[in-house]
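Letters A, B, ... are given to chains in the order of the sequence lines, protein chains preceding strands, and every chain is numbered from 1. Here the structure is a predicted model, which is why all the values come from computation and not from measurement.
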Amino acid sequence: MNKFYADVYELAALIPEGKVAAYGQIASMLGNPLAARQVGYAMNAAPENLHLPCHRVVNKKGEMLPGSAFGGVEAQKKRLKQEGVIFHDNGCIDMKKSMWRPEFTFR
DNA sequence: CCCCTGACTAATA
DNA sequence: GTATTAGCCAGGG
């Protein structure tokens, strides 16, 4: 497993409930603000044995991956909302309040 | 070994 | 405001 994937998985596993992280955000933490694509790709390839909260990792729009979200986008939203994530009326996550910002992380 | 594709983002027109 | 382009890394053909 390459370091990139390892970092992505490790970081993703640290996402607390009620918070969400953007691909670009994670990528920035890894030192590659432009590698958001690979972060998503890593998530896609993420083994389920790691139990990564990939449903808490969303794009900048604040939505889960359309077409790739488990069970459907709305189901995901409902689940996240249940965990404490704030949503806008338009259905997008309130990144301003629900974005994961760990102080112990760099960025 | 080379080329294409892929859960994205930010900048520019 | 939306549409287009470039950049990242890894895996598959």
Using a cut-off of under 3.5 Å, enumerate the N/O to N/O pairs linking the protein to nucleotides 7-9 of chain C.
unit_1	atom_1	unit_2	atom_2	d
dG7(C)	O6	Arg37(A)	NH1	3.1
dG7(C)	N2	Leu34(A)	O	3.2
dC8(C)	O2	Leu34(A)	O	3.3
dC8(C)	O2	Gln38(A)	NE2	2.4
dC9(C)	O2	Gln38(A)	OE1	3.0
dC9(C)	N3	Gln38(A)	OE1	3.3

- Would you mind listing every salt bridge (charged side-chain N to carboxylate O under 4.0 Å, His left out) that reaches into residues 91-100 of chain A, with sequence neighbours excluded? none
- For atom CG of Asp89(A), is the number of surrounding heavy atoms from other residues, nucleotides or ligands below 6.0 Å larger than 12? no
- Roughly, in whole Å, what's the span from CE in Met99(A) to P in dT9(B)? 11 Å
- Say you draw a straight line from CG of Leu50(A) to CD of Glu10(A); how long is it, rounded to the nearest 0.5 Å? 11.0 Å
- What is the distance, rounded to the nearest whole Å, between atom NZ of Lys3(A) and atom P of dA10(C)? 11 Å
- From Gln38(A) atom CD to Leu30(A) atom CG, the distance as rounded to the nearest 0.5 Å: 11.0 Å
- Item | Heavy-atom check, side chain of Arg101(A) versus side chain of Lys19(A), under 4.5 Å | no
- Query: Which whole-number value in Å describes the distance from Asn59(A) CG to dA7(B) P?
  - Reply: 12 Å
- Message: Starting from Leu34(A), can I reach Tyr23(A) by hopping between I/L/V/M/F/W/Y residues whose side chains sit under 4.5 Å apart?
- Response: no
- Non-hydrogen side-chain atoms of Tyr41(A) and Val8(A) separated by less than 4.5 Å: no
- Atom-pair distance (OH on Tyr23(A); C1' on dA10(B)), nearest Å: 17 Å
- Message: Output the rounded distance in Å from CG (Leu30(A)) to P (dC8(B)).
- Response: 16 Å
Pairs under 3.5 Å (N/O, protein and nucleotides 11-13 of chain B):
none

- What integer number of Å spans the P atoms of dG13(C) and dA7(B)? 16 Å
- With rounding to the nearest 0.5 Å, note down the distance linking CD in Gln25(A) to CE in Met95(A). 6.5 Å
